[in-house]
Amino acid sequence: MGIFGKKTVKTNDKDNAKIKMVEVSQLHFDRDFKNVFQQENDKVAEIANDMRANGFDKSRPIIVTEAYIIVDGHSRFMAAKKAGLEKVPVIIKKFYSRDETIEYEYKMQLNSRRLTDGEYFAAFLKLDEIRRSNPNAQGSSDEAIGRQLNKSARQVCKMREIAKKADSTLLEKIQNGSISINKAHEMIKAAEARKKAGVVEDDSEEKTSNTGKGINSDSFKLGVLFVLSELEKGKKKSQILKDKRIARLELGELKLNEEELSKISQRFGIA
């Protein structure tokens with residue numbers, strides 16, 4: 001385990017032979033690689049404090065390309081700069097494409113830390129994009145990506161369905177960690193079930209109105225009038241609730257003339 005409770009990635013003898021100390025100023029970021037995972041300011045500050053006291057932990061060198069672009073170790077690099085270190089240990093690795101580099105970065109992150117659902121979902125999107133662009137890709141995409149993410153093919157299938165069907169609001173909630181992948185998938189399936197059952201869903205802004213119950217005030221009044229008018233006709237509650245017109249709450253569906261509306265409104269004090 002590393003000094004912060006994370007698994008230390010062990011390098012083989014061949015890699016150890018490549019470890020070298022380089023000037024911090026020689027290293028630089030690539031936006032695509034840096035943005036794969038967010039660097040947490042608190043974590044960077046914690047590592048920097050440890051580096052001031054104990055120096056750079058050489059068992060966790062920064063992984064760079066032959067052009068000294070950082071692939072793994074962005075937080076450690078930022079901490080080293082914050083701590084005022086002049087040199088850091090690196091391993092130089094050769095990559096044959098940007099996709100190969102990004103896949104390696106995901107592999108390293110999966111080995112070294114616990115990802116959030118939002119990070120897993122972002123990783124799925126990127127790995128799926130890479131796989132779809134590979135003309136030599138074979139076998140099941142869900143199984144292949146599942147092996148890369150250490151997830152089941154079923155879980156990857158859920159993420160794929162979410163990517164296809166979720167709206168921007170739901171996607172944002174997954175990414176910011178306010179909802180899990182499983183919960184998002186359940187919500188999508190529930191919405192599909194309601195649609196199949198013919199339940200009408202109001203997507204207008206008025207559905208979060210003053211009633212606080214998801215019905216705007218005008219529709220609420222019409223609903224009350226509808227129920228009261230049906231009671232006036234002698235219908236039972238069970239019969240009224242089964243009437244499909246109550247779901248629409250449209251004045252034309254109520255079939256009440258102005259005199260009837262006025263009469264019922266005055267009787268029950270509805271403005």
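Since the model is a prediction, treat every value here as computed from it, not as a measurement. Sequence positions, counted from 1, serve as the residue numbers for this chain.
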Indicate yes or no: at least one non-hydrogen side-chain atom of [X] is less than 4.5 angstrom from one of [Y].
X	Y	value
I69	V64	no
I188	I162	yes
I174	K183	no
V90	I19	no
I70	I63	no
R98	D30	yes
I102	K126	yes
M159	H185	no

Nearest atoms (heavy-atom pairs only) where L149 meets Y120
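Scanning both residues, the minimum pair turns out to be O-CE2, 3.5 Å.
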Closest heavy-atom contact between E143 and A153?
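Residues E143 and A153, closest heavy atoms: CG-CB, 3.8 Å.
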Residues in ring pair (Phe, Tyr, Trp, His ring centres under 6.0 Å) with Y68, at least two apart?
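Checked Y68 against ring pair (Phe, Tyr, Trp, His ring centres under 6.0 Å); zero matches.
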Counting N and O atoms only, with roles assigned by atom type, does the side chain of N49 sit under 3.5 Å from a partner on the main chain of A45, one being a donor and the other an acceptor?
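A pair under 3.5 Å: yes.
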Checking E172 side chain against T169 main chain: does a donor-acceptor pair fall under 3.5 Å?
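Not a single qualifying donor-acceptor pair exists.
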What verdict does the side-chain contact (heavy atoms from CB on, under 4.5 Å) test give for T116 and F121, after you've listed the backbone C-alpha separation in whole Å, the side-chain angles of each residue and the deciding distance to 0.1 Å?
CA-CA 9 Å; T116 66; F121 187 70; over 6 Å; no
Evaluate the criterion side-chain contact (heavy atoms from CB on, under 4.5 Å) for residue pair E103 and I130; output intermediate values, then yes/no.
CA-CA 9 Å; E103 287 182 314; I130 291 172; 3.9 Å; yes
Linking I/L/V/M/F/W/Y whenever their side-chain heavy atoms sit closer than 4.5 Å, directly or via other members, would F29 and V44 fall into one cluster?
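Yes.
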My understanding is that only residues two or more places apart in sequence, or in another chain, count here; which of them pass side-chain hydrogen bond (donor to acceptor under 3.5 Å, both in side chains) with R160?
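With sequence neighbours excluded, R160 shows a side-chain hydrogen bond (donor to acceptor under 3.5 Å, both in side chains) to D128, D142, given in chain and number order.
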Is K93 paired with E66 through a side-chain N to carboxylate O contact shorter than 4.0 Å?
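Salt bridge absent between E66 and K93.
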K164/E161 ion pair, N-O < 4.0 Å
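No salt bridge links K164 with E161.
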In sequence, state the C-alpha distance, the side-chain angles, and the governing distance for D50 and E46, and then conclude on side-chain contact (heavy atoms from CB on, under 4.5 Å).
CA-CA 6 Å; D50 184 82; E46 183 182 2; over 6 Å; no
Stepwise side-chain contact (heavy atoms from CB on, under 4.5 Å) check, Y96 with T101:
CA-CA 8 Å; Y96 295 95; T101 309; over 6 Å; no
To the nearest 0.5 angstrom, please state how far the [atom1] atom of [X] sits from the [atom2] atom of [Y].
X	Y	atom1	atom2	result
E192	R194	CD	CZ	10.5 Å
S75	K43	OG	NZ	4.5 Å
K158	K151	NZ	NZ	10.0 Å
L125	L127	CG	CG	9.5 Å

Scan the side chains in residues 76-88 for donor-acceptor partners under 3.5 Å anywhere in the protein, sequence neighbours excluded, and list what turns up.
residue: R76; atom: NE; partner: R60; partner atom: O; Å: 3.0
residue: R76; atom: NH2; partner: P61; partner atom: O; Å: 3.1
residue: R76; atom: NH2; partner: D72; partner atom: OD2; Å: 3.4

Do S97 and D99 have a side chain donor and acceptor closer than 3.5 Å?
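S97 vs D99: no donor-acceptor pair found between side chains.
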Between the side chains of S180 and N182, does any donor sit under 3.5 Å from an acceptor?
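No pair is found: no donor N or O on one side chain lies under 3.5 Å from an acceptor on the other.
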